[in-house]
Amino acid sequence: MSYADRVSLQDVLDFGAAEVSDDSPFGPLEPLRTPLSRGAWVDVAPGWLRAADELFEALCRDVPWHAERRQMYDNIVDVPRLTKFYAADEPWPHPLVDELCRAVSEHYLPTLGEPLVTAGLCLYRDGADSVAWHGDRIGRSRYHDTIVAILSLGSTRTLALRPAGGGASLKFTTGHGDLVVMGGSCQRTWEHAIPKTRDVVGPRISVQFRPAGVR
């Protein structure tokens, strides 16, 4: 079976969106898939979260954001964003975060075979905040296919992807309430980044849902 055939079959499994009521905080999950090389793929569901304003304001206010410092060559430098990680066994900052995680988990369960259980949050305060090229390869994702789902809130930023080791990059625009899901071998065979921008942009929050043992 060719890779194209496998994607078509998985489309049938993944894209059967469950019905949601009109007053639900999020819409039907009907993402558009972009197949990448070496078994990787990216799904995008623009404007999926209807209650994006409410959640953005709550997370900005209630999350205990902190700045990290890391070794870079001979210096200790500030990480250019604020972060907070929520494990599966600790209270999350808003009931809607847990509800969204369950909805995404249910949708991708035929592919992943396990739920998404952690929430990693990043706050990009302006265009100078960023994240460098990387793959989420800490844990099982270093050897096995997995899924990382990213909910974007606030200002629009670019999510760039390129093959691991370098190559031509793809750019996805992530806006307020958009859901982007990286799946298959994406964390092992591709890298992603949020580049800095000279455009005048406000704060953006990303919420990354992952299965256990993946960072």
Side-chain angles (χ1 to χ4, degrees), residues 17-31 42-69 78-109 112 115-131 136 147-159 172-182 192-197 199-212 214-215:
E19 292 185 3
V20 297
S21 64
D22 290 340
D23 59 354
S24 171
F26 50 86
L29 188 44
E30 299 173 326
V42 175
D43 282 357
V44 180
W48 177 59
L49 179 59
R50 297 167 176 165
D53 289 348
E54 171 192 342
L55 185 58
F56 178 72
E57 293 172 3
L59 296 182
C60 282
R61 180 185 65 242
D62 299 334
V63 171
W65 300 104
H66 68 275
E68 296 180 346
R69 292 176 63 80
D78 292 328
V79 172
R81 60 194 175 278
L82 304 180
T83 63
K84 175 67 175 109
F85 179 77
Y86 290 91
D89 59 352
E90 64 181 301
W92 289 8
H94 194 283
L96 185 53
V97 176
D98 185 61
E99 186 177 353
L100 294 169
C101 186
R102 291 199 306 270
V104 178
S105 292
E106 181 179 350
H107 182 84
Y108 286 99
L109 193 60
L112 189 58
L116 305 171
V117 296
T118 66
L121 277 65
C122 291
L123 172 58
Y124 300 86
R125 293 158 290 187
D126 53 33
D129 278 358
S130 63
V131 62
D136 295 357
I147 282 175
V148 176
I150 302 174
L151 177 68
S152 185
L153 302 166
S155 293
T156 298
R157 294 291 295 268
T158 295
L159 172 67
F172 295 85
T173 299
T174 59
H176 194 42
D178 293 354
L179 180 72
V180 178
V181 181
M182 297 177 286
H192 57 279
I194 301 292
K196 298 181 187 294
T197 177
D199 295 341
V200 178
V201 296
R204 170 188 180 260
I205 293 174
S206 70
V207 183
Q208 309 112 41
F209 299 117
R210 301 181 180 93
V214 174
R215 287 291 295 272

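Heads up: numbering here begins at 1 and tracks the sequence.
Salt-bridge formation is not detected for the pair E54/R61: no Lys NZ or Arg NE/NH1/NH2 atom is positioned less than 4.0 Å from an Asp or Glu carboxylate oxygen. At a threshold of 4.0 Å, the pair D136-R215 does not count as salt-bridged, since none of the basic side-chain nitrogens sits closer than that to a carboxylate oxygen.
Taking the side-chain contact (heavy atoms from CB on, under 4.5 Å) definition, one finds that E68 meets it with H66, R70, V79, T83, sequence neighbours left out. Residues forming a salt bridge (charged side-chain N to carboxylate O under 4.0 Å, His left out) with D178 (at least two apart in sequence, or on another chain): none. Scored by the salt bridge (charged side-chain N to carboxylate O under 4.0 Å, His left out) test, D23 finds no partners at all (sequence neighbours excluded). Applying the side-chain contact (heavy atoms from CB on, under 4.5 Å) criterion to S24, with sequence neighbours excluded, gives V20, S21, F26, R50. Applying the side-chain hydrogen bond (donor to acceptor under 3.5 Å, both in side chains) criterion to K196, with sequence neighbours excluded, gives S130. Partners of F172 according to the ring-ring contact (aromatic ring centres under 6.0 Å, His included) rule, which considers only residues two or more places apart in sequence or in another chain, do not exist here.
With rounding to the nearest 0.5 Å, the separation of OG in S105 from CG in L112 is 8.0 Å. Atom CG of D98 is separated from atom OH of Y86 by 12.5 Å, given to the nearest 0.5 angstrom. Summarising the geometry, atom CG belonging to L159 is positioned 6.0 Å from atom OG1 belonging to T174; distances are rounded to the nearest 0.5 Å. The distance from the NE2 atom of H94 to the CG atom of L55 is 6.0 Å, given to the nearest 0.5 Å. Atom NE2 of H107 and atom CG of L116 lie 11.5 Å apart (nearest 0.5 Å). In this structure, CD1 on I205 lies 10.5 Å from CD on E57, to the nearest 0.5 angstrom.
Contact record, S152 with R204: OG-NE, 2.9 Å, taken as the closest heavy-atom pair. For W65 against L59, the heavy-atom pair with the smallest separation is NE1-O, 3.2 Å. When all heavy atoms of A51 and L96 are compared, the closest pair comes out as CB-CD2, 4.0 Å. Heavy atoms only, all atoms of each residue included: A45 and L29 are closest at CB-CD1, 3.9 Å. The shortest heavy-atom contact between V207 and A119 is CG1-CB, 4.4 Å. The nearest pair of heavy atoms linking L82 to R125 is CD2-NH1, 3.7 Å.
The closest donor-acceptor contact from the side chain of H176 to the backbone of L153 lies at 3.5 Å or more, if one exists at all. A donor-acceptor distance shorter than 3.5 angstrom exists from the side chain of S155 to the backbone of G202, with no hydrogens or angles considered. Put simply, the side chain of D126 gets close to the backbone of A128: a donor and an acceptor are under 3.5 Å apart. No donor-acceptor pair closer than 3.5 Å links the side chain of R157 to the backbone N or O of P203. Not a single donor-acceptor pair under 3.5 Å links the side chain of W48 to the backbone N or O of L151.
The shortest distance between side-chain heavy atoms of I147 and M182 does not fall below 4.5 Å. Residues C122 and Q208 form a side-chain contact, since some pair of their non-hydrogen atoms from C-beta on lies under 4.5 Å apart. Residues F209 and V97 form a side-chain contact, since some pair of their non-hydrogen atoms from C-beta on lies under 4.5 Å apart. With contacts defined as side-chain heavy-atom distances shorter than 4.5 Å, the pair P80/Y124 does not qualify. Two residues are said to be in side-chain contact when any heavy atoms from C-beta on lie closer than 4.5 Å; V42 and V180 meet this criterion. Taking 4.5 Å as the limit, some side-chain heavy atom of V181 sits within range of a side-chain heavy atom of Y108. The closest side-chain heavy-atom distance from F85 to L121 is not below 4.5 Å. Residues T156 and T173 are in side-chain contact: their nearest non-hydrogen atoms beyond the backbone lie under 4.5 Å apart.
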